[in-house]
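I have placed the structure first, in the form of structure tokens, so that the comments after it can refer back to it.
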Amino acid sequence: QVQLVESGGGLVQPGGSLRLSCVASGSTFGIAVMAWYRQAPGKQRELVACMSRGGSTNYADSVKGRFTISRDNAKNTVYLQMNSLKPEDTAVYYCKGSGLSWGQGTQVTVSS
């Protein structure tokens, strides 16, 4: 079973940027969809962005124009570039691949 490990979270001021990484223990080439989700305290986990093996992307309305998902199958890695961060982006961010278990998540806190 391929395991996913997220990293790159941290504390950032509003308007700042972060890049999250999700490294898979095996090949991501055959995985149909790779996605990022997030869960804020007291809220349900929600889809942030996803990317198909063919390169099609989909974003939550709340992050469109600010976040970009990408995948590097040669490095078995999926990225989430987050720009113009807002306090409401504060959450634990999780990586997910089709048929795979959840990663452990990485905390993103946007605060001045």
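Keep in mind it's a predicted model, so treat the numbers as computed, not measured.
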Do [X] and [Y] come close enough that some side-chain heavy atom pair is under 4.5 Å?
{"X": "V92", "Y": "R45", "value": "no"}
{"X": "R66", "Y": "Y59", "value": "no"}
{"X": "L85", "Y": "L18", "value": "yes"}
{"X": "M82", "Y": "V108", "value": "yes"}

For Y93 and F67, take the angle between the two ring planes, folded into 0 to 90°, and tell me which bin it lands in: parallel under 30, tilted 30 to 60, perpendicular over 60.
tilted

Test the K96-W36 pair against the cation-pi criterion, namely NZ or CZ under 6.0 angstrom from the six-membered ring centroid and within 45° of the ring axis.
no

For a quick test of reading the model, state the closest non-hydrogen atom pair linking [X] to [Y] and the distance between them.
{"X": "M34", "Y": "I69", "value": "O-CD1, 3.7 Å"}
{"X": "G103", "Y": "Y94", "value": "O-CD2, 3.6 Å"}
{"X": "A91", "Y": "R38", "value": "CB-CB, 3.8 Å"}
{"X": "A35", "Y": "L47", "value": "CB-CD1, 3.9 Å"}
{"X": "R53", "Y": "I31", "value": "CB-O, 3.8 Å"}
{"X": "L4", "Y": "G97", "value": "CD1-N, 3.8 Å"}

Is it true that a side-chain atom of [X] and a backbone atom of [Y] form a donor plus acceptor pair closer than 3.5 Å?
{"X": "E6", "Y": "G105", "result": "yes"}
{"X": "R19", "Y": "L80", "result": "no"}
{"X": "D72", "Y": "K75", "result": "yes"}

side-chain contact (heavy atoms from CB on, under 4.5 Å) between Q13 and V110, intermediate numbers included:
CA-CA 5 Å; Q13 292 187 343; V110 185; over 6 Å; no

What pairs with K43 under side-chain hydrogen bond (donor to acceptor under 3.5 Å, both in side chains), at least two apart in sequence or on another chain?
none

Could you work out, with side-chain hydrogen bond (donor to acceptor under 3.5 Å, both in side chains) as the rule, every residue matching S17, not counting sequence neighbours?
N83

Determine, using the 4.5 Å side-chain heavy-atom cutoff (strictly less than), whether [X] and [Y] are members of one ILVMFWY cluster.
{"X": "V12", "Y": "L20", "result": "yes"}
{"X": "Y79", "Y": "V48", "result": "no"}
{"X": "V23", "Y": "W102", "result": "no"}

Please step through side-chain contact (heavy atoms from CB on, under 4.5 Å) for the pair S101 and Q1, ending with a clear verdict.
CA-CA 8 Å; S101 300; Q1 176 76 336; 3.6 Å; yes

Closer than 4.0 angstrom, basic N to acidic O: yes or no for D89 and K86?
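No.
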
More than 12 non-hydrogen atoms from neighbouring residues, nucleotides or ligands closer than 6.0 Å to CD on Q44, yes or no?
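Not buried by this count: 12 neighbours or fewer within 6.0 Å.
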
Under the side-chain hydrogen bond (donor to acceptor under 3.5 Å, both in side chains) rule, what pairs show up with a residue in residues 103-112, not counting sequence neighbours?
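For residues 103-112, and leaving out neighbouring residues, the side-chain hydrogen bond (donor to acceptor under 3.5 Å, both in side chains) pairs sorted by first residue read Q107-T109.
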
